[in-house]
Amino acid sequence: MSIRGNVAVIGVGMIPFGELFEKSFNDMAQEAFMNCVNNVDKGFDPKDIKAAWFGQWSGGGMIGQGVLAGTSLATILGLRDIPITRIENGCPTGNDTFRNAVIGVASGAYDVCLAFGAEKMRDKPGVESLVAAGGGGGGILGLHPSWMLGMGGPVLQALYATRQMHELGYTMEDYARVAVKNHHNGVACPYAEYRFEVSIERVLNSPVVCWPLHLLDCCPQTDGAACAIVCRADLAKKYTDKPVYVLGTATGVDYQDMWDKHSFIEMLPTIKAAKAALTMAGIAPNDIDLAEVHDCFTNTELMNIEDIGFCKKGEAAALLKEGYWNRDGAKPINPSGGLKAHGHPIAATGLGQICENFWQLREEVGQERQVKLKNGIALSHNVGGGGFGVSAINILGREP
Amino acid sequence: MWEREKITQPAPASPLFWRLNADVYQLLGAKCPDCNHITYPRRKICPSCGSFKVEDYQLSKSGTVHTFCINWTPPPGLEPPIVNVIVDLDGGGRYQGLLTEVANPEEVQIGTRVQMVLRKVMKDRGLDIYGYKFRLEKEG
Ligand SMILES: [Zn+2]
């Protein structure tokens, strides 16, 4: 059985992302799941779920808990009688978790599957965060004693950002403009962590984290949980009259180590995942109405827009200036506020994007922030993992 | 400096293991005869094409800055600002590390000539770990 059009999303749920000191990991997970189940249009019995995939990046280390495995989700959600597998695939964990649940249905093995992601990242102080402590810890990696020195999430992307400026003529003002757009979108989104506007000046006057990136070029580390229920398309109407269909799903990888990469102005994992997902969907980038793309740093959004194929390499910044990627522009990018304003609870991020796309395609987000739909197709994308070597993309549509 | 727990048992940081390894200080990398990809540290399988025929390849200690950033929020133990670089080595291959002895970060640009010098880079379980950093190549 092919995937395209044969798998439907019948319900999604999440909690508002943020610095949720008052909620435990279990609280967040249970609330997201209850929101999902309780909002399936015609009602939903969790016993219909036949298998689940549990997206979890930090493995419990950030909440002083042991490894979070399938059994954790089984206990938290009261799903003890189905197979549950944990997925950890870097920042694309959420979109890749969804992909695995989709494959579970498309394979014919299960009629209904759950894709779930949750992350508690703010219980650790800032000094132990990804920014300060290095992406993935310090110390020796294999036999290369130097590369990890002084590393961290912002370094990885700043190394790209410098090269984008050199080869494409991008400026720090171009990067700041991404933050301005996404913060503006976040203001209207009730699930977003940051609901305030920023100006270009404010971004450029914020502290330099890692030149050429300022503090307000960086997404936050966030607490959050999000999930989606997928089922066989021919069973979807039992649960809702407005299912959303999976048109394409793909994961792409490339070198893990920065020094192996052929280029610092594009990311092959995204290019590979986009090509595979678009081919499966049988569509071109132009057919997509809106996209949630991985803006962990502002320069990354410009790169992803180009790598997915929404414009040619080097054109994203000029189009941004024209308002092309605005919520009311020709191709809305990150109408939710993106990672930048909506927040980045790693494994929940991609599933949060899928929630947003589900609601946008069903025109349920309210007039202020509803994007114009032409074909009724939306894309979600993450890139990350070691050396930004993994990407996952899902394409959803109103029609199968 | 990175300070892990005090040494209690043989570890990858043990000096004998570390010093005898040809990758670490001799800078032996690997080159693939099938696709010409040069990688470091050595691998048995080419990460570019999957070939099993990779051969040892001697990396050079000099090169030009391919990309860099100026890190004002380094991990604990490092004094900001530090300059992270990825260097195109003369003769092929790349090396990622830190610049050292830079008075003014503005001195570094894409294309700046640099050369490796041996420096203490961290502590692991009580032991000093040495590694290469880059410094600006001297004129002439
Ligand atoms: Zn090869």
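Side chains are part of it too, since the values below use all heavy atoms of this structure and drop only hydrogens, waters and symmetry mates. Here is how names work: the chains are called A, B, and so on, in the same order as the sequence lines, proteins then strands, and each is numbered from 1.
- A:Thr162 places no side-chain N or O within donor-acceptor distance of the main-chain N or O of B:Cys69, the cut-off being under 3.5 Å.
- Between chain B and the options A:Leu213, A:Asp254, A:Asp260, heavy-atom pairs under 4.5 Å are most frequent for A:Asp260.
- Using the six-membered ring where Trp is involved, A:Phe264 and B:His66 have ring planes that are tilted, between 30° and 60° apart.
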Check your understanding: What's the verdict on side chain to side chain contact (heavy atoms under 4.5 Å, CB included) for B:Ile86 and A:Leu159, showing C-alpha distance, side-chain angles and the deciding distance?
Key -> CA-CA 8 Å; B:Ile86 293 178; A:Leu159 291 167; 3.9 Å; yes
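- Within the structure, salt bridge (Lys or Arg N to Asp or Glu O under 4.0 Å) pairs that include any residue of residues 54-79 of chain B comprise B:Arg42-B:Asp56 (at least two apart or interchain).
- The pair A:Asp257-B:Arg43 meets the salt-bridge criterion, since a charged nitrogen lies less than 4.0 angstrom from a carboxylate oxygen.
- In the displayed structure, B:Phe52 atom CZ is contacted under 6.0 Å by at most 12 heavy atoms of other residues, nucleotides or ligands.
- Just one of B:Val83, B:Ile70, B:Asn71 meets the side-chain contact (heavy atoms from CB on, under 4.5 Å) condition when paired with A:Trp211; it is B:Ile70.
- Between the side chains of A:Tyr255 and B:Ser48, at least one donor-acceptor pair of N or O atoms lies under 3.5 Å.
- For the ring pair (Phe, Tyr, Trp, His ring centres under 6.0 Å) test, residues two or more places apart in sequence or in another chain that qualify with B:Phe134 are B:Tyr95.
- Nearest heavy-atom pair across A:Lys261 and B:Arg94 is O-NH1, 2.5 Å.
- If you take CZ on B:Phe68 and NE2 on A:His166, they are separated by 10.0 Å, rounding to the nearest 0.5 Å.
- Chosen from B:Thr39, B:Ile82, B:Val85, B:Asp88, the residue pairing most often with chain A at heavy-atom distances under 4.5 Å is B:Thr39.
- What you find for B:Ile110 and A:Arg163 is that their closest heavy atoms are CG2-NH1, 3.3 Å.
- Applying the 6.0 Å contact sphere to NZ of A:Lys313 captures more than 12 heavy atoms from other residues, nucleotides or ligands.
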